[in-house]
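As structure tokens, the structure follows; a few thoughts come after it.
Everything numeric here is computed off the predicted structure, so don't read it as measured data. Atoms within a ligand are numbered from 1 in the order they appear, just like the ligands themselves. For the numbers below, each heavy atom of this structure counts, side chains included, while hydrogens, waters and symmetry mates do not.
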Amino acid sequence: MPVEVKNVVKIYGNQRALDDISFNIKKGQILGFLGPNGAGKTTMMRIITGIIPADSGIVSVNGIDVMEDSLKVRERTGYLPENNPLYPDMYVREYLQFVTSLYKLPGRSRRVDELIGMTGLGEEKHKKIGALSKGYRQRVGLAQALANDPDVLILDEPTGGLDPNQIVEIRNLIAEAGKEKTVMLSTHIMQEVEAICDRIIIIKNGKIVADDTRENISAMSGIKKISVSVEFDSDVDPDELTRIPGAGKVIKVNGNRWIIESGDDEDIRAGVFSFAVQKNIMVLSMHREEKNLESIFRELTG
Ligand code: ADP
């Protein structure tokens, strides 16, 4: 198993930053590690990469215990830390040469060229890192994380602070790298995992609140995915709304606007319309809403 995390606890003062966390990442998976700020994402990633120790529990990468042989783990792991610390006064190529020299790999110059090609840094390779845009600095960070051709890639908020175009570019690079690697990426943005991850773990206050495929998380959360948002021209009795065939929970938004959840994820718009005709009231507006992962994430961590 590329990554195994068993009963990990990390305590800062009297705060349990990680509170008995267990999960595995299978070979080739792209795992989205999601949670609000302060949930414990960075702490977990630092423990997996051997930068800080856990207080208890076991973490292994490729079957190697991180606490026992963190150097061996680092040989097979690539890590892009949060805020991507780089040396602004170094040139792109010079920096990547420096990084590859740390791994004492043969054919370093060729590897630097490969990294520059893979991350689209060809045009910028002679610039100082400090002169690059944030998106290109992030590419340098990714090239750094890929330097040793790792089996496991750990990316902490890889698209944080980027503009929408840069986000897409970095996501594409991650998806490309993820084709032949096991990837764990943290984010507090749900769309991020919707775009590239095949599995999601959601953590809150150092505990896992969901761990499954995207589809199963939607189903498991028990949240009805389809609802109808409707505005009538006059007041209605909520009890009567719940009697519309297929209707589930009814929520008053304001005035005469309502959200009617579908009890079994069926479209109930025709029923709502018949109800209005029967009661001789008008439907001013009506549309079907599908809950996305974003709202599920908010409900699980809110
Ligand atoms: P996330 O990456 O999800 O935003 P972190 O792992 O950075 O969360 O932090 C989890 C919790 O642990 C936070 O409440 C944070 O303040 C706390 N924490 C993290 N590092 C330290 C530290 N070195 N000392 C004290 N508390 C810390």
Side-chain angles (χ1 to χ4, degrees), residues 2-25 29-61 66-67 70 73-74 77-86 134 137-138 141-142 144-145 150 152-162 166-167 170-171 174 178 182-197 199-212 214 217 221 293-302:
V3 178
E4 283 187 272
V5 173
K6 238 188 253 166
N7 307 111
V8 165
V9 173
K10 181 75 188 178
I11 298 170
Y12 290 117
N14 53 11
Q15 182 191 7
R16 292 174 90 81
L18 295 176
D19 191 1
D20 198 16
I21 297 262
S22 299
F23 64 91
N24 296 329
I25 316 178
Q29 235 171 17
I30 302 189
L31 167 73
F33 199 54
L34 249 131
N37 282 327
K41 304 182 293 296
T42 297
T43 305
M44 188 70 251
M45 292 181 142
R46 286 190 179 149
I47 291 172
I48 296 173
T49 48
I51 291 170
I52 57 169
D55 289 312
S56 61
I58 296 171
V59 176
S60 64
V61 173
V66 175
M67 294 290 278
S70 87
V73 166
R74 283 178 214 200
T77 314
Y79 178 43
L80 175 61
E82 199 184 10
N83 303 325
N84 185 17
L86 295 168
K134 181 122 205 303
R137 279 206 290 271
Q138 208 62 353
L142 262 183
Q144 167 277 128
V152 176
L153 198 53
I154 310 270
L155 311 171
D156 197 351
E157 302 259 0
T159 59
L162 299 184
Q166 295 168 333
I167 287 177
I170 294 296
R171 270 185 200 158
I174 295 170
T182 303
V183 181
M184 174 179 187
L185 74 93
S186 76
T187 174
H188 58 272
I189 307 163
M190 202 71 200
Q191 291 98 313
E192 191 92 339
V193 298
E194 285 192 272
I196 43 177
C197 298
R199 176 164 154 229
I200 303 172
I201 289 182
I202 302 180
I203 66 164
K204 179 192 176 186
N205 296 336
K207 279 190 191 331
I208 292 181
V209 292
D211 174 1
D212 217 318
R214 201 195 113 150
I217 282 189
S221 64
L293 277 174
E294 190 71 43
S295 50
I296 290 168
F297 172 64
R298 277 201 303 273
E299 298 207 21
L300 284 170
T301 62

- Within-4.5 Å side-chain heavy-atom neighbours: P36 and H188: no

- Message: Among I21, V5, V8, D55, exactly one meets side-chain contact (heavy atoms from CB on, under 4.5 Å) together with I47. Which residue is that?
- Response: V8

- Below 3.5 angstrom, do we get any N/O pair linking A17 and ligand 1? no

- Would the number of heavy atoms belonging to other residues, nucleotides or ligands and lying under 6.0 Å from CZ of R46 be above 12? no

- Message: Taking S60's backbone N and O only, do any of them form a donor-acceptor pair with K6's side chain (distance below 3.5 Å, no angle check)?
- Response: no

- Item | Contact with ligand 1 for H188, non-hydrogen, under 4.0 angstrom | no

- Task: Give the atoms of ligand 1, by number and element, whose distance to some non-hydrogen atom of A39 is under 4.0 Å.
- Result: 1 (P), 3 (O), 8 (O)

- Item | Protein heavy-atom partner closest to atom 17 (C) of ligand 1 - residue, atom, separation in Å | Q15 OE1, 3.7 Å

- Task: Run the numbers for me: atoms of ligand 1, each under 4.0 Å from some heavy atom of N37, listed by number.
- Result: 4 (O)

- Using a 4.0 Å heavy-atom cut-off, say whether M44 meets ligand 1 through its side chain, its backbone, both or neither. neither

- Task: Check each of T43, T187, T42 against atom 9 (O) of ligand 1 and report the one with the nearest heavy atom.
- Result: T43

- Under 3.5 Å donor-acceptor, T187 side chain and L34 backbone: no

- P36 near ligand 1 by a heavy-atom separation under 4.0 Å: yes

- Message: Students should be able to answer this: which protein heavy-atom is nearest to atom 4 (O) of ligand 1, and at what distance?
- Response: G38 N, 2.7 Å

- For Q29, does its backbone N or O pair with a side-chain atom of T182 as donor and acceptor, under 3.5 Å? no

- Message: Give me the residue, atom name and distance of the protein heavy atom closest to atom 8 (O) of ligand 1.
- Response: G40 N, 3.1 Å

- Query: Hey, is the main chain of F23 close enough, under 3.5 Å, to the side chain of D211 for a donor-acceptor pair?
  - Reply: no

- Query: Which residue supplies the protein heavy atom nearest to atom 19 (C) of ligand 1, what is that atom called, and how far is it?
  - Reply: Y12 CE1, 3.4 Å

- Note on the structure: Rounding to 0.5 Å, atoms OG (S56) and CG (L18) come to a distance of 10.0 Å

- Query: Can you tell me if G35 has a non-hydrogen atom under 4.0 Å from ligand 1?
  - Reply: no

